[in-house]
Amino acid sequence: MLKIKTLFLILLISLIFYFDLYSQSFKVEAGKSVAMSDASVTLSDIWSVYHNQAGLGNLEDISIGAFHQSGFIKEQNVQGIAFALPTRTGTIGVSYAYYGFSQYNEMQAGLAFGRSFTKYFSVGIQLNYIYTHIADNYGTEDAVNFEIGILSEPIDNLVVGAHIYNPLRSKLGEEEIPTYFDMGISYLFSDKILLAIGTEKDLDYDAIFKAGIDYQLIEYVSVQAGISTNPARYSFGIGLHYLNIDAQVGFRNHQTLGFTPSFTLSYAF
């Protein structure tokens, strides 16, 4: 009976949350993304394995990172790791994300490759393995899909990005895996201020518009903030950057359920 009540509670909160939690392991936000309301399609860092694999092509150092995003109850927590290895031909990325608990969980493992052809153009692609488990007699399902992204810097400090997840509309058993397009631009006004805006469209839902800002407050500290629509939400966070260590804390607001925190730590060799 306790298991049934727990599953029912998770499903109820997922409905309130506009089904976002159903696809948590497919749409991961890590690093600055949470604090910038996911206006991250133009960013280039280790977390490009989740936001736009073309950003991997701009990395110069071997990087490793981990993140934890708290849900409204502990059974909704999301956590994952990422690794990026630059080579002469491009950057190889590996990622893993897990959502749920023993009775219900989702997992996605990805293998990515990103390459920068010139200063003005980068492309990336990722192959994903997805696995879902529901306890008792419901069983498990798995699937394979891919995602692809591009980045361009047509003029100095202006970056344009586009990314598509699951373009072939792969299914997990009888359920369709979300397919969404993400497009955006960002502009670096100075060494301290980055402004990013974008739009995201799931084929089954209305478009989401989002904007985020990243401000270098002092030498080792940056702050971020963002807003998004459908539903209206806002977010904020703070980053600590010392030597090759990058730590990020972000908070995202839901108009009904309140704030959820996210913690990220990465290291570049």
Side-chain angles (χ1 to χ4, degrees), residues 10 14 20-31 33-34 38 40-41 43-57 59 62-71 74-87 89-115 123-135 138-149 163-180 182 202 248 262-269:
I10 292 172
S14 297
D20 285 353
L21 296 173
Y22 172 78
S23 56
Q24 275 284 10
S25 60
F26 309 132
K27 187 69 172 71
V28 173
E29 297 176 27
S33 181
V34 174
D38 196 31
S40 53
V41 71
L43 302 183
S44 294
D45 54 28
I46 186 174
W47 305 113
S48 295
V49 294
Y50 296 118
H51 308 141
N52 183 354
Q53 291 74 25
L56 293 174
L59 299 187
I62 299 173
S63 302
I64 188 169
F67 76 92
H68 174 89
Q69 184 173 344
S70 296
K74 65 179 182 178
E75 286 81 7
Q76 293 175 330
N77 292 346
V78 186
Q79 47 266 320
I81 57 175
F83 175 75
L85 175 65
T87 69
T89 57
T91 300
I92 300 170
V94 179
S95 61
Y96 174 85
Y98 176 90
Y99 162 71
F101 65 116
S102 60
Q103 301 301 306
Y104 175 81
N105 54 75
E106 302 176 30
M107 177 274 289
Q108 176 175 287
L111 178 62
F113 180 78
R115 179 175 179 180
V123 65
I125 189 169
Q126 179 163 303
L127 183 68
N128 299 311
Y129 172 73
I130 301 165
Y131 173 90
T132 296
H133 168 74
I134 303 177
Y138 293 97
T140 62
E141 297 285 356
D142 59 359
V144 175
N145 71 1
F146 77 96
E147 51 192 299
I148 189 170
H163 173 255
I164 179 172
Y165 180 88
N166 191 32
L168 298 183
R169 307 217 72 182
S170 299
K171 292 186 176 182
L172 190 63
E174 298 299 321
E175 299 291 335
E176 288 190 353
I177 299 172
T179 295
Y180 61 85
D182 202 355
D202 187 307
Q248 187 76 38
S262 174
F263 308 93
T264 301
L265 182 65
S266 62
Y267 182 79
F269 296 87

Next on the checklist: Test side-chain contact (heavy atoms from CB on, under 4.5 Å) on Y131 and L172; report intermediate values, then the result.
Outcome noted: CA-CA 8 Å; Y131 173 90; L172 190 63; over 6 Å; no

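- The closest side-chain heavy-atom distance from H68 to N77 is below 4.5 Å.
- Looking at heavy atoms from C-beta onward, Q108 lies out of side-chain contact with Y99 at the 4.5 angstrom threshold.
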Checklist entry - Given Q53 and E147, is the side chain to side chain donor-acceptor pair (under 3.5 Å) satisfied, shown in steps? => result CA-CA 8 Å; Q53 291 74 25; E147 51 192 299; 3.1 Å; yes

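- Heavy-atom minimum distance, F269 versus S63: CD1-N, 4.5 Å.
- Side-chain atoms of N105 do not come within 3.5 Å of backbone N or O of G100 as any donor-acceptor pair.
- A donor-acceptor pair is defined here as one N or O able to donate and one able to accept, closer than 3.5 Å; such a pair exists between the side chain of T91 and the backbone of L56.
- Counting heavy atoms from C-beta on, the side chains of V49 and F83 never come closer than 4.5 Å.
- Counting all heavy atoms, side chain and backbone alike, Y104 lies closest to T132 at CE1-CG2, 4.0 Å.
- Although no hydrogens or angles enter the test, the distance criterion places a donor-acceptor pair under 3.5 Å between the side chain of S170 and the main chain of V144.
- Pairing each heavy atom of P167 with each of T179, the nearest pair is CA-CG2, 4.3 Å.
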Checklist entry - Can you list the steps and then say if W47 with V28 is a side-chain contact (heavy atoms from CB on, under 4.5 Å)? => result CA-CA 9 Å; W47 305 113; V28 173; over 6 Å; no

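- Here the closest heavy-atom approach between residue P86 and residue A84 is recorded as CD-O, 3.7 Å.
- Ring orientation note: the planes of H163 and Y180 are tilted relative to one another, at an angle of 30° to 60°.
- Taken from CD in Q103 to NE2 in H133, the straight-line distance is 6.5 Å, to the nearest 0.5 Å.
- Put simply, the side chain of S48 never gets that close to the backbone of H51: no donor and acceptor are under 3.5 Å apart.
- Between V94 and L111 there is a side-chain heavy-atom pair separated by less than 4.5 Å.
- In this structure, D182 contributes its side chain and V41 its backbone to no donor-acceptor pair below 3.5 Å.
- Note that CD1 of I148 and CG of N166 are 13.0 Å apart. Values are rounded to the nearest 0.5 Å.
- Side-chain atoms of T264 come within 3.5 Å of backbone atoms of G31 as a donor-acceptor pair (strictly under, hydrogens ignored).
- Scanning both residues, D202 and P178, for their nearest heavy atoms gives OD2-CB, 3.7 Å.
- Of all heavy-atom pairs spanning N145 and L127, the tightest one is O-CD1, 3.5 Å.
- Rounded to the nearest 0.5 angstrom, I62 CD1 and T87 OG1 are separated by 10.5 Å.
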Item to check | side-chain contact (heavy atoms from CB on, under 4.5 Å) between E29 and F67, worked out | outcome: CA-CA 9 Å; E29 297 176 27; F67 76 92; over 6 Å; no

Item to check | Test log, rule side chain to side chain donor-acceptor pair (under 3.5 Å), inputs Q126 and N128 | outcome: CA-CA 6 Å; Q126 179 163 303; N128 299 311; 2.8 Å; yes

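- Between atom CG of residue D142 and atom CD1 of residue I130 there is a gap of 9.5 Å, rounded to the nearest 0.5 Å.
- Note that CG of N52 is 9.5 Å distant from CG of L43, once rounded to the nearest 0.5 Å.
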